[in-house]
**Q** 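Take a look at this one; I'll ask things after.
As the structure lists them, so they are numbered: ligands from 1, and atoms in each ligand from 1. Positions are given from 1 along the sequence. Keep in mind that the numbers below use all heavy atoms, side chains included, and drop hydrogens, waters and symmetry copies.
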Amino acid sequence: MEYTTLGDTGMQVSRICLGCMSFGSSDWRDWVLDEEESLEIIERAIDLGINFFDTANMYSLGESERVLGEGLEGHHEESVVATKCFFRMREDDPNSGGLSRKAIEQELEASLDRLGMETVDLYQIHRWDYDTPIETTLGALDDAVRRGTVRYLGASSMWAHQFAGALHASDRLGLERFATMQNHYNLVYREEEREMLPLCENEGIGVIPWSPLARGYLARPHEEIDATARGESEEYLYEHPYREGGGPEINERVAELAEDEGVTMAQIALAWLLHKDWVDAPIVGTTSVEHLEQAVEALEISLSASDIEYLEEPYEPVPASGHS
Ligand SMILES: NC(=O)c1ccc[n+]([C@@H]2O[C@H](COP(=O)([O-])OP(=O)(O)OC[C@H]3O[C@@H](n4cnc5c(N)ncnc54)[C@H](OP(=O)(O)O)[C@@H]3O)[C@@H](O)[C@H]2O)c1
């Protein structure tokens, strides 16, 4: 396994982060693995040297965190665990979502309890909260760091001006600043290259892209997108800009290069991301041990400058996606 320093945190993380959105309970989404099968993937990830795991309170409404905590039993110290808050956890409780002090304090406590940990390595805000001043959110997050229940803070998809404002506010107020950005970035969604990624580079922010395989769109020919349970039901794959702005041609070029190199499409798509200097570790989602192994093997693929240019060439700008 290859490790890298996550932004300016000094923490060493595997260059593949295991995304845990597909672990927990099939009651939440039909493509999500229940406990036993989830544990098999987590166990294999540990064997492969993966030490970086990303979950969220809302994945399987807490079950993903519980199963991850279970899977990491005996490995908590050597793991870097990231979770998130923002989305509403209980329909009848408006304070179970958002980024108020109340929501952050209560949701963090619940997450730690499910994970079976006293401290989480990276606590991320899942989205921007338009109803809570960022100073209030930063104050509550800073207190969590001072209390020792959180080691580092992270943010997820938002506009670059919002992230720049949040970094400025924490510096102005002497509060803990966000150390990472978890954003939507892959070969068929590159809008983040305009503002967010250069901002992260300038500010020493660790970048951990979500949906690096475009939710499976880059892992098989676009004509076969509904070939899996998730492909059939994942609305994103149909409504999403992946099919616009050169998406199908990029998909075909990924397939062509994969065939030339004797590797899989998913491996080419991941290798492209791993060649981007501003990416620390893509967060890969999978329900298959074989696919997890392929992700790790992708670290060994070397793409030439002309391969990269060939993959990127058909891209055209698409509407912003992943946040509003
Ligand atoms: N912050 C946010 O707002 C946000 C949003 C979305 C996701 N995330 C995080 O990012 C993680 C990954 O996101 P994601 O699952 O949407 O995206 P992804 O990793 O781009 O795509 C996952 C899909 O690709 C397929 N796949 C993976 N490896 C493959 C391979 N080698 N061959 C063929 N198919 C392959 C998986 O199928 P199999 O299951 O069959 O392998 C699954 O359907 C999540 O677990 C979560 O931690 C965060």
**Q** Using a 4.0 Å cut-off on heavy atoms, what residues surround ligand 1? Order them by chain and number.
**A**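 If the criterion is a heavy atom under 4.0 Å, then ligand 1 touches Gly19, Cys20, Met21, Asp54, Tyr59, Lys84, His126, Arg127, Ser156, Gln182, Trp210, Ser211, Pro212, Leu213, Ala214, Arg215, Gly216, Ala219, Arg230, Ala266, Ile283, Val284, Gly285, Thr286, Thr287, His291, Gln294.
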**Q** Taking atom OG1 of Thr264 and atom CD of Gln294, what is their separation to the nearest 0.5 Å?
**A**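 That separation rounds to 4.0 Å.
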**Q** Could you check if a side-chain atom of Gln124 sits within less than 4.5 angstrom of a side-chain atom of Asp54, using non-hydrogen atoms only?
**A**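 Gln124 vs Asp54: side chains touch.
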**Q** Report yes if the side chains of Arg146 and Glu176 come closer than 4.5 Å at any heavy-atom pair, otherwise no.
**A**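 With C-beta onward as the side chain, the pair touches.
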**Q** With respect to His323, which candidate in Trp128, Trp159, Phe86 satisfies the ring-ring contact (aromatic ring centres under 6.0 Å, His included) definition?
**A**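 Only one option passes, and that is Trp159.
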**Q** Any salt bridge linking Arg29 with Glu63? Criterion: basic side-chain nitrogen under 4.0 Å from a carboxylate oxygen.
**A**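 Answer for the salt bridge query: no.
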**Q** Does a side-chain heavy-atom distance below 4.5 Å link Ile104 with Tyr123?
**A**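 Yes; the side chains approach each other to less than 4.5 Å.
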